[in-house]
Amino acid sequence: MITRQLQKNYNIALKNDSNNYLCLKNCAYIYEKQGDYLNALKILVKLLIINEEDSLILCYYGEILYNMTQYSKAILYFTKANIIDPENIHNLNKRAITYYILKEYDNALSDLDKIIQLDPLNSSVYYLKSLIYYTKNDINNAKISFKKYASLLNSDNFLAKIQLYHLGYLLNENTSKDLNNILTKINQIPNISENKLLLLIRCKIHIELNKYYEAK
């Protein structure tokens, strides 16, 4: 209800000043949160007409295309943003994930290496690197990245811990006792049905423990 009212207020403001940059950005954000991606993109187009060199808007455009599963188009916008601002870690991370989905693993790894150069202590990068190496069946490099991720892990970040367990499972670093402990911790998480990653990890662990009914 509040969001709708805000949208109305911004629309009124835009009638008086159609190129109000802040209003346009806020409108795009509201549309995106409502899942109205097409209208969000229309607003972003207006912003890019005003300033085609705004790397943040280009990245935002790519993110919405990503949400729409238009991954190849998303890459184009992430790349445009990267040309303007090559040190934007958020943009590089989004592009790396999109490359991973498109199975362009070498490109994904290249972007992750750039992030490491800019932020050597970024633990999430090593999680993605390990996952990509595992997908490529490069187990040695996957384990190297896994160990680096483990050494940088923030002990207060619960999701990061789950990701660590996930990698450990994939790389056979966990015992059956460890896997059962992981299941216990995952099952204690509220609203787990809303987290696809955790559901996937739980399913894989059930399979590893020969609990096929639970996995199904």
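Residues take their numbers from the sequence shown, with the count starting at 1.
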Q.
Between Tyr99 and Tyr105, does the ring-ring contact (aromatic ring centres under 6.0 Å, His included) criterion hold? Intermediate values first, please.
A. CA-CA 6 Å; Tyr99 275 136; Tyr105 302 128; over 10 Å; no
Met68 and Leu38 have their tightest heavy-atom pair at CE-CD2, 3.9 Å
When you compare the side chain of Asp85 with that of Leu56, does any pair of heavy atoms fall below 4.5 Å?
no
Side chain to side chain, Asn107 and Tyr100, heavy atoms closer than 4.5 Å
no
Verify same cluster id: Ile83, Ile75 (apolar side-chain graph, 4.5 Å): no
Task: Glu32 and Tyr60 side chains, donor-acceptor separation under 3.5 Å - done: yes
Using a 6.0 Å cut-off, check whether atom OH of Tyr37 has over 12 heavy atoms from anything other than its own residue.
yes
Practice item. Taking atom CD of Glu214 as the centre, report whether more than 12 heavy atoms of other residues, nucleotides or ligands fall under 6.0 Å from it. Key: yes
Residues at least two apart in sequence or cross-chain that pass ring-ring contact (aromatic ring centres under 6.0 Å, His included) with Tyr127, listed by chain then number, are Tyr149
| said: Quick one, Arg95 and Lys114 - any side-chain contact, counting heavy atoms below 4.5 Å? | reply: yes
Hydrophobic clustering (ILVMFWY, side-chain heavy atoms < 4.5 Å, transitive) - are Ile144 and Ile139 grouped together?
no
OH (Tyr134) with more than 12 external heavy atoms under 6.0 Å | no
Under 3.5 Å: donor-acceptor pair, side chain of Thr135, backbone of Leu131:
yes
Taken in chain and number order and not counting sequence neighbours, the residues that satisfy salt bridge (Lys or Arg N to Asp or Glu O under 4.0 Å) with Lys136 are Asp106
Heavy-atom nearest pair, Asn82 first then Leu92, reads ND2-CD2, 3.3 Å
Quiz item: Is Ile97 close to Asp111 at the side-chain level, that is, under 4.5 Å between some pair of heavy atoms?
Solution: no
Query raised in the report: Heavy atoms, side chains only, cut-off 4.5 Å: are Asn122 and Ile116 in contact?
Result: no
- Item | Side-chain heavy-atom pair Lys148, Lys143 within 4.5 angstrom cut-off | no
Correct closest heavy-atom pair for Ser123 and Leu152 would be CB-CB, 3.8 Å
request  = Report yes if the side chains of Leu44 and Ile64 come closer than 4.5 Å at any heavy-atom pair, otherwise no.
outcome  = yes
Ser55 side chain to Ala81 backbone, donor-acceptor under 3.5 Å: no
TODO: Please confirm whether the backbone N or O of Ala142 pairs with a side-chain atom of Ser145, one donor and one acceptor, at under 3.5 Å?
DONE: no
| Is there a side-chain contact between Leu58 and Thr79 (heavy atoms, below 4.5 Å)? | no
Original post:
Should Leu48 and Leu65 be counted in the same cluster of Ile, Leu, Val, Met, Phe, Trp and Tyr side chains packed under 4.5 Å apart?
Top reply: yes
Spell out, as yes or no, whether a donor-acceptor pair under 3.5 Å connects the side chain of Asn91 to the backbone of Phe78. yes
Smallest heavy-atom separation, Tyr212 atom then Ile207 atom, equals CE2-O, 3.9 Å
Nearest heavy-atom contact between Ala40 and Ala28 is CB-O, 3.7 Å
Applying side-chain hydrogen bond (donor to acceptor under 3.5 Å, both in side chains) to Asp113 and not counting sequence neighbours gives Lys129
